[in-house]
Amino acid sequence: MGRLLLLVDTKKKTQMFFLVVTVLLLHDKEKVYLKGKDKIVPPFRFGVEDVATKMWFHKLAYPGQCLTNSHLDIIFYYLRKKGKYAKEPKVKFTTTDCLFFKTIHALYEKFIAQEKNLSLITAQHAIADYIRGRKMLCGSPWHLCDHVFFIIHMETESHWILGRLNIEERRVYMYNSLSTAMKDSVAIKACQPFAVLLPHFFALFDEFKKENKPVCLDPFEVVKVDGLPQQTSNDCGCFVASFAEYFIDMKPIPPIFDVEQHRDRLAVLFYKYARMKEVEFIDSEDEAPPKGPKKNLS
């Protein structure tokens, strides 16, 4: 490359320098690809959502970029699949999605505004469908699980945290990769809709009763998980996904967290999986269209 540059006049060297600088500056920007070069045709099918742009992978791969609802919904869908189809699952769990967070927060706001009106909590509510395991692809009834993972967005902080409900202990464990006294206070507040409303929903289902006794309606305890690695940039979405995966694999969360390595692994795994499905025409049972030939993917 050095010998090649010697053959370029000064003006062209300057132009090339500014071109390189421009590319580097664009690295973390929204518009990385040239116009018309960002499309994936046909879109990659990931069960819960299609991905039609290369930018989706760029945001997933490079540190310092915020993951979107789409990223987290797809990642947590495949975590559910991992638990549901594993031959020997280490942990009995299920997950929710970003819509669950919005739904339970909207209900909580109405619940508080109407002075804790219990008539709002019914077996016909969308939250009840989640608990039954009917609302999402690869969903499992919660009474068959020991843990439920929640994707939680602290809107005032533009920050993702992870919630994990231990059903037996009646505790919501809060995983925060940006832990300060102020942010922890906001994070615990973001967990309150889960802690307050879910006991009332559990009371609607006989499966959560023990020895034919009524389900306790006291709020779940919210417990902050200490000793977690802390983010230094806008990588909270990756931390949330990784915290959940470490727990599912029954591995301790390391104090030193290489976020770039985790992002690279996720981006490569999803790209390779999408290409495999595209080339081999493979769908899992939950992802397959209602008609037409398909293979099973274990």
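With sequence neighbours excluded, the residues that form a side chain to side chain contact (heavy atoms under 4.5 Å, CB included) with Met136 are Arg80, Asp97, Tyr130. Contacts of His125 classified as side chain to side chain contact (heavy atoms under 4.5 Å, CB included), with partners at least two apart in sequence or in another chain: Thr103, Leu107, Thr122, Ile127, Phe201.
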I'd like to know whether Leu217 forms a side chain to side chain contact (heavy atoms under 4.5 Å, CB included) with His200, so could you lay out the CA-CA distance, the side-chain angles of the two residues, the decisive distance to 0.1 Å, and finally the verdict. CA-CA 6 Å; Leu217 297 179; His200 292 285; 3.7 Å; yes

Report the C-alpha separation of Tyr271 and Phe44 in whole Å, then their side-chain angles, then the decisive distance to 0.1 Å, and conclude whether the ring-ring contact (aromatic ring centres under 6.0 Å, His included) test is met. CA-CA 9 Å; Tyr271 183 81; Phe44 288 158; 5.7 Å; yes

Step-by-step side chain to side chain contact (heavy atoms under 4.5 Å, CB included) determination, Gln231 to Val259: CA-CA 8 Å; Gln231 68 187 75; Val259 69; over 6 Å; no

What do the steps show when you test Met276 against Lys272 for side chain to side chain contact (heavy atoms under 4.5 Å, CB included), and what is the final call? CA-CA 6 Å; Met276 180 186 72; Lys272 288 178 66 176; over 6 Å; no

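Taking CD1 from Ile188 and CE from Met174, the interatomic distance works out to 4.5 Å, rounded to the nearest 0.5 Å. To the nearest 0.5 Å, the span separating NZ on Lys84 from OG1 on Thr95 amounts to 11.5 Å. In this structure, the separation between OG on Ser179 and CG on Asp226 is 7.0 Å, given to the nearest 0.5 Å. Atoms CZ and CG, from Arg171 and Leu165 in turn, are 11.5 Å apart once rounded to the nearest 0.5 Å. Distance check: Thr96 OG1 to Ile152 CD1 gives 8.0 Å after rounding to the nearest 0.5 Å.
Under the 4.5 Å side-chain criterion, counting only non-hydrogen atoms from C-beta, Leu144 is not in contact with Lys92. Looking at Lys90 and Ile248, their side chains never come closer than 4.5 Å, going by heavy atoms from C-beta outward. Counting heavy atoms from C-beta outward, Phe111 and Val196 have side chains that approach closer than 4.5 Å. Put simply, the side chain of Asp146 does not reach to within 4.5 Å of the side chain of Asn166, judged on heavy atoms. You'll find the side chain of Ser242 stays beyond 4.5 Å of the side chain of Tyr175, heavy atoms only. Within the 4.5 Å cutoff, no side-chain heavy atoms of His71 are placed close to those of Phe270. Side-chain contact check for Phe57 versus Lys54: every heavy-atom pair is 4.5 Å or farther apart. In this structure, the side chains of Pro199 and Arg170 come closer than 4.5 Å at one or more pairs of heavy atoms.
Phe194 is connected to Leu120 through a chain of hydrophobic side-chain contacts under 4.5 Å among Ile, Leu, Val, Met, Phe, Trp and Tyr, so both are in one cluster. Under the 4.5 Å side-chain heavy-atom criterion for grouping Ile, Leu, Val, Met, Phe, Trp and Tyr, Val215 is connected to Val148 within one hydrophobic cluster. Note: the hydrophobic cluster containing Ile151 also contains Leu60 (ILVMFWY, side chain heavy atoms under 4.5 Å, direct or indirect links). Hydrophobic clustering (side-chain heavy atoms under 4.5 Å, transitive across Ile, Leu, Val, Met, Phe, Trp, Tyr) groups Leu162 together with Phe239. By the rule that hydrophobic residues join a cluster once side-chain heavy atoms approach within less than 4.5 Å of another member, Ile167 and Phe93 end up as members of separate clusters.
Closest non-hydrogen pair, Lys209 versus Ala203, comes out as CE-O, 4.2 Å. Between Gly139 and Thr94 the shortest heavy-atom distance is CA-OG1, 4.3 Å.
Relative orientation of the His105 and Phe101 rings is tilted, given thresholds of 30° and 60° on the angle between their planes. Between Phe257 and His262, the ring planes are parallel. Angles under 30° get that label, and only those over 60° would be called perpendicular. Ring geometry for Phe150 against Trp142 counts as tilted: the plane angle lies between 30° and 60°, on a 0 to 90° scale. Using the six-membered ring where Trp is involved, Phe208 and Phe205 have ring planes that are perpendicular, over 60° apart on the 30 and 60° scheme. Taking the six-membered ring for Trp and thresholds of 30 and 60 degrees, His153 and Trp160 have ring planes inclined between 30 and 60 degrees apart.
Aromatic ring centres of Phe247 and Tyr173: separated by at least 6.0 Å. The aromatic ring centroids of Phe149 and Phe76 lie 6.0 Å or more from each other.
A side-chain N or O of Asn176 and one of His159 form a donor-acceptor pair less than 3.5 Å apart.
Taking a cutoff of 4.0 Å between a charged side-chain nitrogen and a carboxylate oxygen, Glu168 and Lys210 qualify as a salt bridge.
Residue pairs meeting the salt bridge (Lys or Arg N to Asp or Glu O under 4.0 Å) criterion with at least one member in residues 229-255, sequence neighbours excluded: Lys82-Glu245, Lys82-Asp249, Asp235-Arg263, Glu245-Arg265.
Side chain of Lys81 to main chain of Cys138: no donor-acceptor pair is present (N/O by atom type, distance under 3.5 Å, no hydrogens or angles). Using modelled atom types, one side-chain atom of Arg132 and one backbone atom of Ala123 make a donor-acceptor pair closer than 3.5 Å. Side-chain atoms of Glu49 never come within 3.5 Å of backbone atoms of Ile74 as a donor-acceptor pair (strictly under, hydrogens ignored).
Around the CD atom of Glu260, the shell of radius 6.0 Å holds no more than 12 heavy atoms that belong to other residues, nucleotides or ligands. Around atom NZ of Lys116, no more than 12 heavy atoms belonging to other residues, nucleotides or ligands sit under 6.0 Å away.
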